K.L.:
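Please see the structure below; I have some questions.
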Amino acid sequence: MFKITIRGQIEEIDDKFYLACADGNKFKISSSQEYVQGDFLWEVVPSIDPEGVIQSLQMQSFSTEGEEECFMAGTVVQLRQKNSSVQLKIKRSLKKTLRLTLLSAPLETMKAGQTWWVSCIRQGKSLLISTAEQLETNQEPPRSLSELSPVAVEPKQTEKAAFLELEKKAIATLATQTNSAADSWRLKKPKIRENIIEWDAINTTTNGRARVQLNRETEETNIWSFNKTPKTANISEEDKRRLIVTPLGAARSIGASCFQIKIGPYEIVLDCGTRPKGYDPLPALDYLENPDLLLVSHSHQDHIGAVPVFQAIWPGTPIICTEGTREIARVMLRDCLKVQQREDFPELFDSDDLERTLFRMETAPVGVDIEPLPGLIVRFINAGHILGAACIYLRYRFASENETIEERSLLYTGDFHTASSRTTTGLMLKDLPQADMLIIESTYGAGTHPSRRTEETGLIEAIASVVKAGGNVLIPAFALGRAQEIILAIRTSALFH
Ligand SMILES: [Zn+2]
């Protein structure tokens with residue numbers, strides 16, 4: 001059994017026929033002949049593309065009365081997570097087999113090869129599944145819709161269709177603002193924060209990358225292109241080999257971690273943190289000339305706190321960190337801003353600087369080489385310190401006078417830990433490559449520490465004894481990293497269950 005009806009009237013434009021619906025949608029009619037004029041309910045056979053969009057209709061018959069309806073039984077050919085669609089192969093007696101893509105498929109329950117009986121509602125140019133039931137092989141489909149036990153129609157399904165519209169809008173804005181073809185852009189999985197939807201996008205033609213944000217309520221869009229700005233300066237043979245490290249903060253102290261690295265033709269900055277107390281909070285940014293790139297190891301304030309300041313001074317310079325670091329930076333930097341506004345702390349940046357920084361921070365996967373500038377290869381290596389924390393392995397590759405490829409390299413550990421904790425896996429020494437120069441964190445490095453297990457057990461037992469005696473426990477802990485570790489240690493301890 002197969003039936004799809006759509007209400008509308010036939011329109012002729014440039015010798016082609018269309019079915020025009022009351023909701024503004026027009027469908028091309030694949031066969032041309034004389035059609036009856038007026039508003040009718042047409043029984044049609046659609047051709048639907050793999051994205052779920054109706055391309056054209058074959059008109060079968062028409063009637064004056066009735067509602068739009070759509071039901072069919074078919075074999076599942078393909079399921080796609082991306083737009084929650086199913087492609088059904090529908091056999092019809094004495095007629096051509098159809099392949100139709102329907103949206104809002106119950107993906108969790110459907111499997112390729114199964115036969116399903118579905119009914120749909122039309123939304124715009126797509127058919128969305130409203131009820132669906134699996135049929136046994138050789139089982140006859142029910143004769144009427146009332147025999148069908150419906151799967152719950154989630155309100156989400158219309159949301160899904162609305163979401164596809166938003167994706168289209170994002171791509172259209174990307175295409176106009178970057179002056180490129182819309183079909184060359186692919187959106188990655190979106191991040192949704194309240195009304196803001198954010199996609200990282202890649203242009204399959206130019207390999208260009210961009211980020212797009214769309215406000216669901218105001219429909220405002222915001223675009224940032226991660227453009228490569230290669231330095232073309234002719235550099236001397238000597239400069240190609242240079243590797244000069246200048247600490248602009250930290251180094252014999254805690255706070256304001258920041259290093260200037262001159263490697264080959266580039267000026268790279270590793271971390272850009274603040275000092276915690278508010279006195280002389282910034283690293284010596286004045287020493288920087290015209291940095292080509294800022295790489296951030298993790299989201300503790302002493303490594304990331306001054307990134308919005310850096311961004312305000314050098315707005316076009318790319319900032320790259322891991323995905324985890326950017327996610328946590330959202331919380332940490334907002335917190336830094338609050339502290340500045342409330343306490344006796346100089347105001348280093350405002351909320352516009354902050355939002356701009358977060359929007360423009362690029363992310364790179366852990367353990368993978370990327371080439372953010374020509375000849376400059378960067379790899380983030382899991383550092384085991386807090387979620388998202390990474391060591392940074394930096395290499396500059398160049399051809400020497402005799403055409404052999406040479407390399408200068410540097411390994412910056414950032415803060416690291418070799419043991420696994422509850423929120424991160426420890427640094428694996430075997431992941432660390434050889435390098436010409438090593439910058440290593442040495443906090444707590446001079447002594448031998450008791451095992452984590454011993455310390456944790458002691459802490460939990462102390463808490464338990466106070467709680468048992470009817471007391472309250474206040475545990476001062478760093479907000480990011482330690483606090484979560486302690487909470488998890490308490491939660492998972494048998495003493496509290
Ligand atoms: Zn740290």
Side-chain angles (χ1 to χ4, degrees), residues 245 247-259 261 269-278 280-283 294-310 319-337 339 348 357-358 361 363-364 366 378-394 410-429 431-432 438-447 449 452 455 475-489:
V245 175
L248 307 179
R252 295 198 179 171
S253 64
I254 293 181
S257 283
C258 187
F259 293 86
I261 314 291
V269 182
L270 300 179
D271 282 342
C272 197
T274 45
R275 291 189 181 85
K277 288 287 182 283
D280 189 21
L282 292 177
L294 167 61
L295 298 164
V296 181
S297 69
H298 68 287
S299 49
H300 271 144
Q301 189 206 333
D302 55 331
H303 292 256
I304 207 172
V307 172
V309 181
F310 179 98
I319 305 167
I320 311 180
C321 60
T322 65
E323 182 90 39
T325 295
R326 181 170 176 252
E327 283 305 308
I328 302 173
R330 195 166 291 282
V331 183
M332 290 303 281
L333 290 176
R334 287 201 176 125
D335 203 47
C336 288
L337 185 66
V339 171
L348 302 172
T357 304
L358 291 172
M361 274 172 107
T363 60
V366 175
V378 174
R379 189 191 308 164
F380 288 120
I381 300 162
N382 174 46
H385 170 55
I386 56 165
L387 200 77
C391 306
I392 299 168
Y393 179 44
L394 204 61
L410 177 140
L411 177 66
Y412 170 64
T413 64
D415 296 355
F416 70 98
H417 201 332
T418 50
S420 291
S421 60
R422 288 184 159 77
T423 51
T424 54
T425 331
L427 164 75
M428 308 280 271
L429 290 173
D431 286 350
L432 296 180
L438 169 71
I439 306 176
I440 185 167
E441 187 224 357
S442 55
T443 327
Y444 309 125
H449 295 266
R452 193 189 165 88
E455 291 295 287
I475 309 168
F478 286 131
L480 171 57
R482 300 251 177 98
Q484 293 75 31
E485 289 290 327
I486 292 176
I487 290 167
L488 286 169

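Because the structure is predicted, anything quoted here is derived from the model rather than measured. Indexing begins at 1, ligand by ligand and atom by atom, following the structure's order.
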K.L.:
Hey, are the side chains of I439 and T413 touching, using non-hydrogen atoms and a 4.5 Å cut-off?
P.N.:
no

K.L.:
Return yes if some donor-acceptor pair links the side-chain N/O of H417 with the main-chain N/O of T424 below 3.5 Å, else return no.
P.N.:
no

K.L.:
Compare every heavy atom of V296 with every heavy atom of I392, then report the nearest pair and how far apart it is.
P.N.:
CD1-C, 4.2 Å

K.L.:
What closest approach, in Å, do C391 and L432 show between heavy atoms, and which atom pair accounts for it?
P.N.:
SG-CD2, 4.2 Å

K.L.:
Short of 2.8 Å from the Zn ion (ligand 1), name each protein N/O/S atom, waters not counted.
P.N.:
H298 NE2, H300 ND1, H385 NE2, D415 OD2

K.L.:
Can you tell me how far the CE atom of M361 sits from the CG atom of L333, to the nearest 0.5 Å?
P.N.:
6.5 Å

K.L.:
Taking ring-ring contact (aromatic ring centres under 6.0 Å, His included) as the definition, give me every residue that meets it alongside H298, ordered by chain and number, with sequence neighbours left out.
P.N.:
H300, H303, H385

